[in-house]
Amino acid sequence: MKKILNYIAGEFQPPDSKTFLENYEPATGDIYSEVPDSDKADVAMAVAAAESAFSSWSQLPIAERSRILLKLADLIDEHQDRLAQAESKDTGKPIALARAVDIPRAAANFRFFASAIVNHSSSAHVMEGVAVNYTRQAPLGIVGCISPWNLPLYLFTWKVAPALAMGNCVIGKPSELTPMTAYMLGELATRAGLPPGVLNILHGLGPKVGQAIVEHPRVKAISFTGGTNTGRIIGKLAADQFKKVSLELGGKNPNVIFADCDLEEAIRTSVLSAFRNQGEICLCGSRIIIEASVYEEFKEGFLKQVRELKVGNPYRDDTAFGALISEDHMNKVLGYIHKAREEGGTILVGGGRIHPEDLGGYFVEPTVIEGLDPDCSINQEEVFGPVVSLIPFSSEEEAISVANGTAYGLSCSIWTRDVSRAHRVAHRVQSGVIWVNCWMLRDLRTPFGGMKQSGVGREGGDEALRFFSEPQNICVKQ
Ligand code: NDP
């Protein structure tokens with residue numbers, strides 16, 4: 001059985017406790033590897049390693065830091081197939097998706113921030129005849145990067161890359177459900193020439209080792225992506241020590257379909273946005289709000305395409321929809337479907353567990369529900385699975401009110417051919433990310449993050465570089 005190890009000071013090592021957790025393969029339900037059950041003692045070792053590496057890493061010329069990160073991006077590309085297979089096995093996601101999205105994006109994250117630091121400029125403010133101010137962006141020191149299981153390497157590197165690029169040393173913790181590609185990243189980091197201690201990767205349980213990272217006084221900032229409840233705990237702990245936090249949390253995202261849109265394109269993209277990665281993406285559109293005059297036409301086209309989705313063995317190249325992450329999560333999703341029935345919803349397609357090719361894993365059919373009040377639980381709570389609800393509306397005002405009617409505010413897709421309406425509605429929807437006539441079209445320079453209970457702060461581009469640094473103004477009298 002494969003034993004995953006922590007990566008500290010450039011070395012792979014077992015946890016101080018010598019205890020390991022079981023790691024399940026979602027497609028089969030079998031245990032296939034063991035993950036360190038790390039704790040405070042491992043965090044202390046990682047902090048010590050990061051402290052000894054910080055001075056030379058932060059003072060390395062930017063061009064040299066950039067060169068190492070570019071090399072790491074190249075190595076991820078070189079090992080794309082191996083990484084994609086590992087990601088698919090660890091998450092249950094289709095191998096084709098891991099190959100097309102997860103792993104290329106991990107390489108792109110390093111490449112993007114390696115280039116961004118080379119082009120990043122500091123600012124100067126001249127007080128004519130009196131003084132000159134210049135503001136440097138100083139690295140923070142040691143930072144914690146904690147990421148979830150749905151897009152493991154993609155989201156882990158989205159934090160680690162800007163943190164390293166700005167000259168920080170990192171203690172990273174992937175989800176204990178999906179440790180494999182972060183473990184493999186350690187080996188590639190060494191090969192890329194990343195000095196020992198600059199990147200440390202600890203595995204284990206969130207409330208144990210994750211929390212120990214958040215609580216350690218030498219860790220200056222926490223970048224976290226995960227559930228809203230966990231974000232609340234982390235926010236409180238960090239506030240106690242006045243730590244910087246960036247919280248990317250849950251969503252209950254609306255797709256708003258106006259009658260004048262390109263319906264064919266809206267249907268095709270809404271199927272993707274509802275069911276990509278089995279609905280386990282924080283940006284998935286789980287509430288489809290449809291203008292009443294095209295409701296039936298949209299529904300008919302949407303259901304047809306959902307029935308055609310190729311659900312099954314994630315290791316087959318033509319599979320579009322794989323297994324959910326864990327038995328617990330599958331039961332949570334099935335529980336929501338049961339509740340939707342109790343609350344008066346009609347299941348139009350899906351609704352149950354399946355066993356494609358007799359696999360014993362955690363497969364739930366893509367599920368479409370209608371007839372539920374916008375305020376009922378399935379339209380309010382994040383299911384984070386393959387469940388989508390159709391809701392009709394009859395005026396623009398009503399569409400905006402339903403779109404805004406949850407505690408979340410991560411993303412929204414607006415579908416219309418009327419440009420004025422697109423802007424008008426976009427400005428009134430309380431979401432950090434708005435797409436018009438598209439979904440998940442990402443430019444890494446743009447600010448990314450949520451409003452309301454979907455998060456605090458923004459990632460991406462300059463926002464990430466600012467988060468992982470401290471502005472220091474130096475005023476020199478003439
Ligand atoms: P969790 O909040 O359960 O976990 C996220 C990470 O935090 C994991 O590594 C977890 O470890 C760790 N963790 C858990 N408890 C603590 C703690 N007390 N202190 C420190 N770390 C802790 O989220 P999931 O992994 O279940 O991911 C799904 C959630 O992530 C969904 O709500 C989804 O919307 C959100 N998400 C948000 C995104 C965004 O950009 N806004 C993007 C992707 C997902 P462990 O796994 O061991 O519990």
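As the structure lists them, so they are numbered: ligands from 1, and atoms in each ligand from 1. Scope of the values below: all heavy atoms of this structure, side chains included, with no hydrogens, waters or symmetry mates.
Closest to atom 11 (O) of ligand 1, if we only count protein heavy atoms, is Lys173 NZ, 3.0 Å. Closest to atom 27 (O) of ligand 1, if we only count protein heavy atoms, is Pro148 CB, 3.3 Å. Of the protein's non-hydrogen atoms, Glu176 OE1, 2.2 Å is the one closest to atom 47 (O) of ligand 1. Ranking protein heavy atoms by distance to atom 37 (C) of ligand 1, first place goes to Leu249 O, 3.1 Å. Of the protein's non-hydrogen atoms, the one nearest atom 32 (O) of ligand 1 is Glu382 OE1, 2.6 Å.
Heavy-atom distances between Leu177 and ligand 1 stay at or above 4.0 Å for every pair. Between Pro207 and ligand 1 there is a heavy-atom distance shorter than 4.0 Å.
Side-chain N/O atoms of Ser377 and Glu343 include a donor and acceptor closer than 3.5 Å. For Thr228 and Gln453, the side-chain atoms include no donor-acceptor pair closer than 3.5 Å.
Under a 4.0 Å criterion applied to the non-hydrogen atoms of Leu155, ligand 1 contributes the atoms 42 (C), 43 (C). Below 4.0 Å from some heavy atom of Leu205 lie the following atoms of ligand 1, by number and element: 47 (O). The Cys282 neighbourhood of ligand 1 comprises atoms 34 (O), 36 (N), 37 (C), 38 (C), 39 (C), 40 (O), 41 (N), 42 (C), 43 (C), 44 (C), with distances under 4.0 Å to a heavy atom of that residue. Less than 4.0 angstrom separates some heavy atom of Gly227 from each of these atoms of ligand 1: 1 (P), 2 (O), 23 (O), 29 (C), 30 (O), 32 (O). Listed by number with element, the atoms of ligand 1 under 4.0 Å from a non-hydrogen atom of Gly204 are 47 (O). Ligand-side atoms of ligand 1 in range of Phe448: 40 (O), range being under 4.0 angstrom from any heavy atom. Interface atoms of ligand 1 facing Thr225, defined by a heavy-atom separation under 4.0 Å, are 5 (C), 36 (N), 37 (C), 38 (C), 39 (C), 40 (O), 42 (C), 43 (C), 44 (C). When each atom of ligand 1 is checked for a heavy atom of Pro174 under 4.0 Å away, the hits are 9 (O).
A salt bridge links Asp317 with Arg99: at least one charged nitrogen is closer than 4.0 Å to a carboxylate oxygen. By the 4.0 Å N-to-carboxylate-O rule, Glu34 lies close enough to Lys3 to be salt-bridged with it. Remark: Lys93 does not engage Glu87 in a salt bridge, criterion side-chain N to carboxylate O under 4.0 Å. Remark: Arg268 engages Glu265 in a salt bridge, criterion side-chain N to carboxylate O under 4.0 Å.
For CZ of Phe393, the number of neighbouring non-hydrogen atoms (other residues, nucleotides, ligands) closer than 6.0 Å is greater than 12.
Checked by distance only, ligand 1 and Phe384 stay at 3.5 Å or farther apart across all their nitrogen or oxygen atoms. Below 3.5 Å of separation, one finds an N or O of Trp149 facing an N or O of ligand 1.
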Candidate pair Leu202 and Tyr7, rule side-chain contact (heavy atoms from CB on, under 4.5 Å), full reasoning: CA-CA 7 Å; Leu202 302 181; Tyr7 179 69; over 6 Å; no

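Nearest residue to atom 8 (C) of ligand 1 from Gly210, Gly226, Ser147, Gly206 is Ser147 (criterion: closest heavy atom).
Centroid-to-centroid, the aromatic rings of Trp415 and Phe298 stay 6.0 Å apart or farther.
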